[in-house]
S.K.: 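There's a structure below that I have some questions on.
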Amino acid sequence: MFAKVKSSIFIDALQFQLDAPKGNCLRGVLRDDQGSICRTIEKDIDNDRGELTWGGLNDLPYGKYTLELSQGDDEMKMNLVKRV
């Protein structure tokens, strides 16, 4: 696993603990429970271990989401919940 979300419940931002090689690009897609893409992010990783905060999510409606992260050939999915 190259990234770990600190909490599966979020309000306005997602925080990741990264464990990925420096110089790679992390791509994230946040989908709602209907499967529609709500947000995307692409970020170059500056160091081997670090944290990333994906902000600006406060205008999304409350509910269930799926986070899809990919880095090169590695992919992972996580279920998340947006709360008040």
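Predicted, not measured: the structure shown is a model, and the values here were computed from it.
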S.K.: What I'd like to find out is whether the side chain of Trp54 reaches to under 4.5 Å of the side chain of Leu26, using heavy atoms alone.
M.R.: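 They are not in contact (no side-chain heavy atoms under 4.5 Å apart), so the answer is no.
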S.K.: Pairs under 3.5 angstrom only: tabulate donor-acceptor contacts from the side chains of residues 75-84 to other protein residues two or more places apart or in another chain.
M.R.:
unit_1 : atom_1 : unit_2 : atom_2 : d
Lys82  : NZ     : Ile11  : O      : 3.4
Lys82  : NZ     : Leu57  : O      : 3.4
Lys82  : NZ     : Asn58  : O      : 3.0
Lys82  : NZ     : Leu60  : O      : 2.6

S.K.: If you measure from SG on Cys25 to CD1 on Ile41, what distance do you get to the nearest 0.5 Å?
M.R.: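 Spacing of SG (Cys25) from CD1 (Ile41) equals 9.5 Å.
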S.K.: Any pair with a residue in residues 7-17 that passes salt bridge (Lys or Arg N to Asp or Glu O under 4.0 Å), sequence neighbours left out, goes on the list, sorted by first then second residue, please.
M.R.: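 Matches after skipping sequence neighbours: none remain.
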S.K.: Which residues pass the salt bridge (Lys or Arg N to Asp or Glu O under 4.0 Å) test with Lys43, sequence neighbours left out?
M.R.: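 Once residues adjacent in sequence are excluded, Lys43 has no partner under the salt bridge (Lys or Arg N to Asp or Glu O under 4.0 Å) criterion.
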S.K.: Can you tell me how far the CD atom of Glu51 sits from the CD atom of Gln17, to the nearest 0.5 Å?
M.R.: 5.0 Å
S.K.: Among pairs that include at least one residue of residues 29-41, which meet side-chain hydrogen bond (donor to acceptor under 3.5 Å, both in side chains), considering only residues two or more places apart or in two chains?
M.R.: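 Residue pairs with at least one partner in residues 29-41: Arg31-Glu68, Arg39-Asp59.
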S.K.: With sequence neighbours excluded, give me every ring pair (Phe, Tyr, Trp, His ring centres under 6.0 Å) pair touching residues 57-84.
M.R.: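 Qualifying pairs: Phe10-Tyr65.
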S.K.: Is a side-chain donor or acceptor of Thr53 paired with a backbone partner of Gly55 at a separation under 3.5 angstrom?
M.R.: no
